[in-house]
Number of protein chains: 2
Amino acid sequence: MDAEKRKRLEAAGWTLGNASDFLGLTPVEAELVELKTRLALFAKEQRRVSNLSQNALAKKMGSSQSRIAKIESGDPSVSLDLIVRALLTSGATRQELAQVIVGTN
Amino acid sequence: MDAEKRKRLEAAGWTLGNASDFLGLTPVEAELVELKTRLALFAKEQRRVSNLSQNALAKKMGSSQSRIAKIESGDPSVSLDLIVRALLTSGATRQELAQVIVGTN
DNA sequence: TCATTTTATGTCATATATGACATATTAGCA
DNA sequence: TGCTAATATGTCATATATGACATAAAATGA
């Protein structure tokens, strides 16, 4: 969005910002959310690469299908611990984890 | 330990193995523990580099001094989420996180 | 030494994450 | 189309993590 459009919108009474602002997240919280989201997406890829159904992965790591679904959908009730456990169980390496963490930015 | 010593110890009634074996951890659980331990150590370093007392860091991230101590001592009651929050709050970059995760091995 | 700050350890009420389950929705294929 | 596996979504009792607090033990410096 360019400065012009921003100015017009703000003049019209809009408060601009991103999702972090809206949710009232601190920068650290926002970064953690982004990190978890990226890892969650990668977890979905990894599971598919390893040819496991959500159910199969769940059994393999002592969890349940519904929780795997929540992991992959970025459900806020899912801990970083669980995401990483899913990733490691579906064969992701530490190098790959690191890769995802550094990201594109 | 070489095969000779192992044989002698086992003959003497010792069951050999590492901490993972002793605690009955699966390979994935063991790797997660190791990962958390390394990050915990790095968290301690990072806090010191940023010249924060445990109390100061705790306030900064809305936690408590005792919990910071537990983070840094590798207490099993501490989540990966909390460790990472502590790291980010004390100024660690994603690159540094990734660095620690890939580790030396 | 002593005073002060920092860190460690233990406990507890509460908050949050968890697996299990039911059930809905979607994909994939004959 | 129908049939079946896969995935999504919601709920709940229980397990685990949390900040707060007290207090002990170290560290730091005068």
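Computed from a predicted model, the values in this text were never measured in an experiment. Convention: sequence-line order gives letters A, B, ...; per-chain numbering from 1.
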Determine the minimum heavy-atom distance between B/A86 and B/L57, stating which atoms define it.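 Closest approach of B/A86 to B/L57, heavy atoms only: O-CD1, 4.2 Å.
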Would you confirm whether A/K36, through its side chain, and A/V78, through its main-chain N or O, come within 3.5 Å as a donor-acceptor pair? yes
Donor-acceptor contact present, side-chain A/E96 to main-chain A/T93, <3.5 Å: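 Looks like yes, one N/O pair under 3.5 Å.
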On the nucleotide [N], are OP1 or OP2 found under 4.0 Å from the side-chain N or O atoms that [X] carries?
{"X": "B/R67", "N": "C/dC12", "answer": "no"}
{"X": "B/K36", "N": "D/dA17", "answer": "no"}
{"X": "A/S63", "N": "C/dG19", "answer": "yes"}
{"X": "A/S64", "N": "C/dT18", "answer": "no"}

Picking from D/dA6, C/dT9, C/dT6, which would you name as closest to the side chain of B/S53? C/dT6
Of the listed C/dG10, C/dT18, D/dA6, the closest approach to the A/S79 side chain comes from C/dT18
Give one of base, sugar-phosphate or nothing for B/K59, where a contact means two heavy atoms less than 4.0 Å apart. nothing
Which part of the nucleic acid, if any, lies within contact of B/R47, taking any heavy atom under 4.0 Å across all strands shown: a base, the sugar-phosphate backbone alone, or nothing?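 The residue B/R47 makes sugar-phosphate contact but no base contact.
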How close or far is atom [atom2] of [N] from atom [atom1] of [X], stated in whole angstroms?
{"X": "A/E29", "N": "C/dT16", "atom1": "CD", "atom2": "C1'", "answer": "15 Å"}
{"X": "A/I83", "N": "C/dT16", "atom1": "CD1", "atom2": "P", "answer": "17 Å"}
{"X": "A/D75", "N": "C/dT18", "atom1": "CG", "atom2": "C1'", "answer": "12 Å"}
{"X": "A/L57", "N": "D/dT7", "atom1": "CG", "atom2": "C1'", "answer": "13 Å"}
{"X": "B/R85", "N": "D/dA17", "atom1": "CZ", "atom2": "P", "answer": "15 Å"}
{"X": "A/E72", "N": "D/dA8", "atom1": "CD", "atom2": "C1'", "answer": "11 Å"}
{"X": "B/M61", "N": "D/dG19", "atom1": "CE", "atom2": "C1'", "answer": "11 Å"}
{"X": "A/I68", "N": "C/dA20", "atom1": "CD1", "atom2": "P", "answer": "11 Å"}

First encountered from the 5' end of DNA chain D, between B/V78 and B/Q65: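 Counting from the 5' end, the first nearest nucleotide belongs to B/V78.
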How about A/S53 and A/N55: does a side-chain donor come under 3.5 Å of a side-chain acceptor?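 The answer is no; no qualifying pair exists.
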Considering heavy-atom distances to DNA chain C, does B/D81 or B/Q54 have its closest nucleotide positioned more toward the 5' end?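 Here B/Q54 is the residue nearer the 5' end.
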Here's a test of your reading of the structure: between A/L82 and B/K70, which maps to the more 5' nucleotide of DNA chain C? B/K70
Do NZ/NE/NH1/NH2 and the carboxylate oxygens of B/R85 and A/E29 come within less than 4.0 Å?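 Looking at A/E29 together with B/R85, the answer is no, because their closest N to O distance does not fall below 4.0 Å.
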